[in-house]
Amino acid sequence: MKGRLPNILIITLTIFILVVCAPWLHGQNTRQEFLDDFAPRCLNGPPLFHQLQNDNELMVQTSDSTFMTYPEGRVLKISARDLGNEHAGKFHNSFINDSTFYMVHDGAGVVFAYHDGILKRHDRSFYHHNQYGATPFEYKGSFYLFGGSGLFSRKNFITRYDLKEREWMIQNTTGTKPDLTKDAVGVVIDDVLYLIGIKFYGLDQYGENIELITKRDFLVYKLDLKTWHWTLLGQVNQNLGDEIYSFKIKKVDTERNLIYINGPTGLYEIDLLANRFTKYDNTYPLTGAQLLLYKNGISGLYCDSGQNLKLIDLSWHDLEERKQRSGTIYKPSLKIYYDTLLQVIGVLLFVSLILILINELKFERRIVIRLKGGVMIYRSRNIRAFDADEQMVLMSLAQDEQIAFSAIEDIVSFNNDSQSVRVKKRDRLLRILNEKIATIFNHNDKERADYFIIQSGSDDKRSRYLSLNADFFKVM
């Protein structure tokens, strides 16, 4: 009996773990039990949740300065020095890089990093209070914030968090920068950020049109992340915009490149790349619930009538059964259409001009000297036979229509050359130049003509000038 007692204890302990602890380790009910035991009550709505690298791992705010991890149950406390006068629930923005989880203050500036069970301050910055409601996105391992508001003004710039310097940098952009209210939402697909938000009408635009104060025009933009150039894609259909109303409750599915918006009239799946949306029924308790995305479904966190935090889990099949309708998100901007059309027309005209030029050069039986680029062409082929001095003489002739013999001597001679040497060098250059031109035209000695015209100066008859013979040269 004494020998069997440890085995009985082991079996009993194993059964206890399987019965009592198994729901804690696996399954749908585990998260709900975790919420019941550790999450605070919904006195001011649901607490802050972050999904870590494994989509079943959560970081949950449990107090003004404390988080707890699920399912590990590790308590993470932010020091009073790092938190200052802020609140742990003001770190909604987050990203993951090299197995490290980062969460960013809503107003930008302060960043905390969670790695190997430790949560600590990462940045060398301060609480900016300058980009509340900004749109977060990641690209090639870097974290960015677009827009937002703070310090009594709205923003339409992009800031980048430099992981090496641990500071925030301004990212310069070009094009039509979005002029949106805060809480826009975007998704990065390949090298493009697609952004959807509500157009901002400033006080100077209101005038006597009081309707603009409540007007909600949803716009769609794209940002080429290689060139950092903004383009307006179009305006969201008015009926759809009225239904969605706002982007207060949203979640980006980076795996499938989709955006989920939980609006007052339905749950919307937004595919900006395909310009399609799908609306699902979101009757209670999904209405107003915060969203969590998993590989096999979607979850909604909501507060019940007793101010307790509850969870509703829907598989993708469950969600499909709630489908109501699909449709087009936005109408392409006419400006984009006409700009694209003008670009196409411009390209066609340019190609036409090139083809005309090539044909003209192909059938041209003269040596063409192109001033732009300094090239010389015969029958659409570049001439490479002329050396530097010869090219200089020909380009001078093309630009000024004539060149003095003394100027030719200056090109080919040294400062200490005598006059007789200068003349010999000049004559040699002209002789070789004529021979090369005759070779280009395939002229024999009897066919060789005067490729250059020699004239006397108008002021001094003793001065001689060289000019091109138009029968053999064309200047462009």
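For reference, positions follow the sequence shown, starting with 1.
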(message) Consider ring pair (Phe, Tyr, Trp, His ring centres under 6.0 Å). Of Y114, Y102, F101, which one does H50 pass it with?
(response) F101

At their closest point, which heavy atom of [X] faces which heavy atom of [Y], and how far apart are they?
| X | Y | result |
| --- | --- | --- |
| G197 | A184 | CA-CB, 3.9 Å |
| N156 | P178 | CB-O, 3.4 Å |
| F277 | L240 | CD2-CD2, 3.7 Å |
| V220 | L272 | CG1-CD2, 4.2 Å |
| D123 | V110 | OD1-CA, 3.3 Å |
| F247 | D183 | CB-O, 3.0 Å |

(message) Cation-pi check for W228 against R160: NZ or CZ below 6.0 Å from the six-membered ring centre and within 45 degrees of the axis, yes or no?
(response) no

(request) On the 0 to 90° scale, with breaks at 30° and 60°, tag the F34-Y70 ring pair as parallel, tilted or perpendicular. (result) tilted

(request) Give me the ring orientation class for W230 and F146: parallel if the planes are under 30° apart, tilted from 30 to 60°, perpendicular past 60°. (result) tilted

(request) Before accepting this row, confirm whether a basic side-chain N of the pair D217/K199 lies closer than 4.0 Å to the acidic partner's carboxylate O. (result) no

(message) Looking at D179 and R154, is there a salt bridge between them, counting it only when a charged N and a carboxylate O are closer than 4.0 Å?
(response) yes

(request) Let me see the working for D271 and R276 under salt bridge (Lys or Arg N to Asp or Glu O under 4.0 Å), right down to the final yes or no. (result) CA-CA 5 Å; D271 187 342; R276 299 289 297 175; over 6 Å; no

When you compare the side chain of [Y] with that of [X], does any pair of heavy atoms fall below 4.5 Å?
| X | Y | value |
| --- | --- | --- |
| L286 | Y302 | no |
| R256 | E269 | yes |
| E57 | T69 | no |
| L193 | V187 | no |
| K177 | F157 | no |
| L195 | V185 | no |
| D162 | W168 | no |
| R166 | Y161 | yes |

More than 12 foreign heavy atoms under 6.0 Å from [atom1] of [X]: is that the case here?
| X | atom1 | result |
| --- | --- | --- |
| D98 | CG | no |
| Y245 | OH | no |
| R381 | CZ | no |
| R325 | CZ | yes |
| K90 | NZ | no |

(request) Please test E86 against H129 for side-chain contact (heavy atoms from CB on, under 4.5 Å), starting from the C-alpha separation and ending with a verdict. (result) CA-CA 11 Å; E86 293 302 311; H129 300 293; 3.0 Å; yes

(request) Determine, stepwise, if the pair D106 / N93 fulfils side chain to side chain donor-acceptor pair (under 3.5 Å). (result) CA-CA 6 Å; D106 292 357; N93 298 319; 4.6 Å; no

(request) Apply side chain to side chain donor-acceptor pair (under 3.5 Å) to K155 and N130, showing your working. (result) CA-CA 8 Å; K155 310 300 185 294; N130 199 36; 3.0 Å; yes

(message) Please check this pair: side chain of S396 against backbone of M392, looking for a donor-acceptor N/O pair closer than 3.5 Å.
(response) yes

(message) Applying salt bridge (Lys or Arg N to Asp or Glu O under 4.0 Å) to D313 and R31, what does each step give before you reach the verdict?
(response) CA-CA 10 Å; D313 286 318; R31 296 195 301 272; 2.8 Å; yes

[Y] and [X] side chains, donor-acceptor separation under 3.5 Å:
| X | Y | result |
| --- | --- | --- |
| S149 | Q131 | no |
| Q391 | D387 | no |
| Y139 | D191 | yes |

(request) Report the C-alpha distance between D36 and Q32 in whole Å, list the side-chain angles of each, state the deciding distance to 0.1 Å, and finish with yes or no for side chain to side chain donor-acceptor pair (under 3.5 Å). (result) CA-CA 6 Å; D36 293 339; Q32 184 61 62; 2.9 Å; yes

(request) Any chance you could lay out the side-chain contact (heavy atoms from CB on, under 4.5 Å) test for F112 and F91, step after step, and finish with the verdict? (result) CA-CA 9 Å; F112 285 95; F91 287 83; 3.6 Å; yes

(request) Could you check S79 against K77 for side chain to side chain donor-acceptor pair (under 3.5 Å), going step by step and ending with a plain yes or no? (result) CA-CA 6 Å; S79 69; K77 186 172 180 60; over 6 Å; no

